[in-house]
Amino acid sequence: STEMEKFIIKRIEADFDERWLRVEKIDDKREFGIYFMEFLEDVFMTNNISMKRKVGDIIEGNLFIAWITEFERTDKELMYIQRNEYDGIATVVEITQVVNEFTYYAKNSIVNRDIILKTEKDMDLKERDRIYIEGSLQIELEEYKERIGLLEDEFL
């Protein structure tokens, strides 16, 4: 579905064009730590970048998981935990669609839709495979879809 998650920004950590946010999901009040890029054009022209976003802003976008560092097959229940305050996530998901060897959709307990997994290496997964992964919870904002290359239309 094209329905995006909506979040309120609770806290921001920033480093050049990188952002780590604590956000609260509006519909169920759950909190997440997420990473995202701001893609500011003038990132190299100034040392003092003004943040486009501030605490209290509502952002809309789709969560996805990237930078997967741990990976193993499992038969455990769907679950997730975020041990640290920011983007690290450990989760059990079930593959629902193989887009290509680096991109998958998966049933999960994080959001109520299939979440996209972006992997660096071919994990050789098939539909219905259940896996435990550790990675980075990130957000794809509507206006950056072309830049991140996750535009859902590519897959339709």
Side-chain angles (χ1 to χ4, degrees), residues 1-72 74 76-96 99 102-121 123 131-154:
S1 98
T2 52
E3 192 57 30
M4 307 236 160
E5 281 89 56
K6 291 187 173 67
F7 304 91
I8 297 176
I9 300 176
K10 310 285 269 193
R11 205 154 77 248
I12 298 171
E13 292 286 320
D15 177 20
F16 296 105
D17 60 337
E18 297 187 309
R19 304 280 175 260
W20 289 268
L21 307 182
R22 282 299 292 179
V23 297
E24 180 184 282
K25 198 157 162 280
I26 287 177
D27 61 2
D28 61 15
K29 296 281 191 253
R30 282 186 299 163
E31 276 204 17
F32 295 99
I34 59 176
Y35 167 89
F36 77 107
M37 298 277 290
E38 277 283 45
F39 291 122
L40 295 175
E41 301 304 332
D42 59 348
V43 65
F44 299 113
M45 318 230 283
T46 168
N47 301 325
N48 181 23
I49 292 171
S50 59
M51 255 295 278
K52 283 203 220 167
R53 324 241 164 221
K54 54 194 187 306
V55 171
D57 281 1
I58 291 176
I59 54 175
E60 224 177 309
N62 284 328
L63 294 183
F64 67 99
I65 298 172
W67 303 339
I68 293 168
T69 53
E70 294 292 314
F71 159 67
E72 67 188 53
T74 184
K76 294 197 166 73
E77 292 296 299
L78 299 181
M79 56 72 81
Y80 77 92
I81 42 175
Q82 280 200 296
R83 291 193 192 88
N84 66 0
E85 263 190 295
Y86 290 103
D87 61 352
I89 192 164
T91 181
V92 173
V93 301
E94 185 176 301
I95 302 303
T96 54
V99 176
F102 304 112
T103 310
Y104 304 89
Y105 280 95
K107 196 162 75 176
N108 64 91
S109 60
I110 306 161
V111 289
N112 53 7
R113 61 169 176 81
D114 290 356
I115 198 166
I116 292 178
L117 311 181
K118 296 286 280 183
T119 71
E120 307 294 305
K121 55 184 188 294
M123 299 195 307
I131 54 170
Y132 168 84
I133 53 175
E134 291 177 13
S136 168
L137 187 62
Q138 305 192 14
I139 191 164
E140 172 206 34
L141 304 178
E142 187 65 45
E143 63 263 38
Y144 300 145
K145 277 189 162 174
E146 294 78 13
R147 309 289 288 270
I148 300 182
L150 274 185
L151 194 56
E152 297 212 355
D153 300 347
E154 291 169 1

* To do: Check the pair I131 / L117 against side-chain contact (heavy atoms from CB on, under 4.5 Å), numbers first and verdict last.
  => CA-CA 11 Å; I131 54 170; L117 311 181; 4.1 Å; yes
* Looking at I81 and R83, what are the two nearest heavy atoms and their distance? -> CD1-NH2, 3.7 Å
* To do: Walk me through it: do Y105 and I116 pass the test side-chain contact (heavy atoms from CB on, under 4.5 Å)?
  => CA-CA 5 Å; Y105 280 95; I116 292 178; 3.5 Å; yes
* side-chain contact (heavy atoms from CB on, under 4.5 Å) between I110 and I65, worked out -> CA-CA 11 Å; I110 306 161; I65 298 172; 3.9 Å; yes
* May I ask you to decide if N108's main-chain N or O and D114's side chain share a donor-acceptor pair within less than 3.5 Å? => no
* Asked: Quick one: does W67's side chain get under 4.5 Å of Q138's, heavy atoms only?
  -> yes
* Pair I58-I8, side-chain contact (heavy atoms from CB on, under 4.5 Å): steps then yes or no -> CA-CA 5 Å; I58 291 176; I8 297 176; 4.0 Å; yes
* To do: Give, for atom CD of E5 and atom CG of N112, the distance between the pair rounded to the nearest 0.5 Å.
  => 7.0 Å
* Asked: Does atom NZ of K107 have more than 12 heavy-atom neighbours from other groups under 6.0 Å away?
  -> no
* **For the student: nearest non-hydrogen atoms of Y86 and E13, plus distance** => OH-CG, 3.0 Å
* Asked: Can you tell me how far CG of D87 sits from CZ of F32, rounded to the nearest 0.5 angstrom?
  -> 13.5 Å
* Structure fact -> Of L21, V23, D57, the one forming a side-chain contact (heavy atoms from CB on, under 4.5 Å) with F7 is V23
* Structure fact -> Heavy-atom closest pair (K118 atom, T103 atom, distance to 0.1 Å) is NZ-OG1, 3.6 Å
* Provide the closest heavy-atom pair for M79 versus T91 in the form atom of the first, atom of the second, distance. => O-OG1, 2.8 Å
* Asked: What's the shortest heavy-atom distance between I12 and R53, and which atoms?
  -> CD1-O, 3.5 Å
* Asked: CD of E24 to NZ of K10: how many Å apart, nearest 0.5 Å?
  -> 4.0 Å
* Atom pair CZ (F71) and CE (M123), whose distance is rounded to the nearest 0.5 Å -> 5.0 Å
* Please tell me if the side chains of Y132 and K76 come closer than 4.5 Å, counting only heavy atoms from C-beta onward. => no
* Asked: With side chains defined as the heavy atoms from C-beta onward, is the minimum distance between L63 and K25 less than 4.5 Å?
  -> no
* Structure fact -> Result for side chain to side chain donor-acceptor pair (under 3.5 Å) between E31 and one of R11, Q82, R22 points to R22
